[in-house]
Amino acid sequence: MDIKWTEDLTVGVDSIDDQHKEMIAIINNLLQAINRGDARDEIEKVIAFLKKYVEAHFLMEETLMLRIKYPKDKFLEHERKHTQFWETYNELAATFKKEHRSPILVNTIKNVLVGWFVNHICQTDKAIGVFIKKEGKDTKAYGY
Ligand SMILES: [Fe+2]
C-alpha cells in the first residue's frame, strides 16, 4: 500500500532528496489515514500539511536554481512545472471533497499525485543534480 522511495529517485542534492523522502512520507500518512478510516478533518489536516510542505519545497528548489545560476530557460520551465502541480493538488482536493473515504480518493493519490512526483523528480529535478555535477558546484556553499 505504501509508496516506496527508491534509489532511482535520487537527485544528488541532499536537502532536495531529504525533502522528497519527506513528501513520500506525508503521502503515505495520507493513504494510511484514509485506509484507517480517519475522520474527515484528520485527513484534511494531512492534505493541508502536504500543501504547505510542497510550497516550501518548491521555493527551496527555485532559490537553489537561482543561486547556482541554473540556465534561465530551464529555470522557467521548472518553475512552470511547479505551478502546474497545483492543478494536480486541486484535483486531489476536489476528489477529497466528494470522496473522502473511497477507493477513488486512494486512486487519485496514487495515480495523479504520486505520478506527478515521480515524473517530476525523474524528468525535471534530476536535471538540477546533473547541472551541479557538470558545473562542479558546491551546494554546501549555497547553504544546501
Ligand atoms: Fe522541482
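Position 1 is the first residue of the sequence, and the numbers go up from there. Every value quoted in this text rests on a predicted model; they were computed, and no experiment measured them.
No donor-acceptor pair closer than 3.5 Å links the side chain of D14 to the backbone N or O of Y144. With K74 contributing its side chain and I128 its backbone, the two residues share no donor-acceptor pair below 3.5 Å.
Between I3 and I24, the shortest heavy-atom distance links the atoms O-CG2, 3.4 Å. Of all heavy-atom pairs between I34 and I109, the closest is CD1-CD1, 3.3 Å. Contact record, K137 with Y142: CD-OH, 3.7 Å, taken as the closest heavy-atom pair. Nearest approach of G12 to D17, heavy atoms of both residues: N-OD2, 3.1 Å.
I26 is listed as a side-chain neighbour of V46, based on a closest heavy-atom distance under 4.5 Å. E7 has its side chain within reach of T10: a pair of non-hydrogen atoms, C-beta onward, lies under 4.5 Å apart. Between L92 and V112 the shortest side-chain heavy-atom distance does not fall below 4.5 Å. Under the 4.5 Å side-chain criterion, counting only non-hydrogen atoms from C-beta, I104 is not in contact with N107. Looking only at side-chain heavy atoms (C-beta outward), Y89 and V54 stay at 4.5 Å or farther from each other. Looking only at side-chain heavy atoms (C-beta outward), I68 and E135 stay at 4.5 Å or farther from each other. When side chains are defined from C-beta on, E62 counts as touching F75, because their heavy atoms get closer than 4.5 Å. A 4.5 Å side-chain heavy-atom check between I16 and T139 finds every atom pair outside the cut-off.
The residues R36 and D38 are annotated as salt-bridged, a charged nitrogen and a carboxylate oxygen being separated by less than 4.0 angstrom. Using a cutoff of 4.0 Å between basic side-chain nitrogens and carboxylate oxygens, K45 and E42 are scored as salt-bridged.
Counting non-hydrogen atoms of other residues, nucleotides and ligands closer than 6.0 Å to NZ of K21 gives a total above 12.
Hydrophobic clustering (ILVMFWY, side-chain heavy atoms < 4.5 Å, transitive): L59 and M23 are in distinct clusters. Note on L9 and V130: separate hydrophobic clusters, where clusters join Ile, Leu, Val, Met, Phe, Trp and Tyr whose side-chain heavy atoms are under 4.5 Å apart, directly or indirectly. F49 and L30 fall within a single hydrophobic cluster, where Ile, Leu, Val, Met, Phe, Trp and Tyr are joined by side-chain heavy atoms under 4.5 Å apart, directly or via other members. When the side chains of ILVMFWY residues are joined at heavy-atom separations under 4.5 Å, either directly or via intervening members, M60 and W86 end up in a single hydrophobic cluster.
To the nearest 0.5 angstrom, F117 atom CZ is 9.0 Å from T88 atom OG1. One distance of note links NZ of K72 with CE of M65; it measures 11.0 Å at 0.5 Å rounding. Distance check, rounded to the nearest 0.5 Å: CD1 of I47 to CG of D41 gives 11.5 Å. K140 NZ to S15 OG: the interatomic distance, rounded to the nearest 0.5 Å, is 7.0 Å.
The aromatic rings of F85 and F58 sit perpendicular, their planes meeting at an angle over 60°, well past the 30° parallel limit.
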Test side chain to side chain contact (heavy atoms under 4.5 Å, CB included) applied to V11 and I121, step by step: CA-CA 7 Å; V11 169; I121 292 171; 4.1 Å; yes
Test side chain to side chain contact (heavy atoms under 4.5 Å, CB included) applied to H20 and W5, step by step: CA-CA 9 Å; H20 284 162; W5 167 265; 3.8 Å; yes
Stepwise side chain to side chain contact (heavy atoms under 4.5 Å, CB included) test for L113 and E91: CA-CA 9 Å; L113 193 68; E91 193 178 330; over 6 Å; no
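The only member of T83, T124, D125, D73 that meets side-chain hydrogen bond (donor to acceptor under 3.5 Å, both in side chains) when paired with H78 is D125.
A side-chain N or O of E61 and one of H82 form a donor-acceptor pair less than 3.5 Å apart. No donor-acceptor contact under 3.5 angstrom links the side chains of H120 and Q84, judged on distance only.
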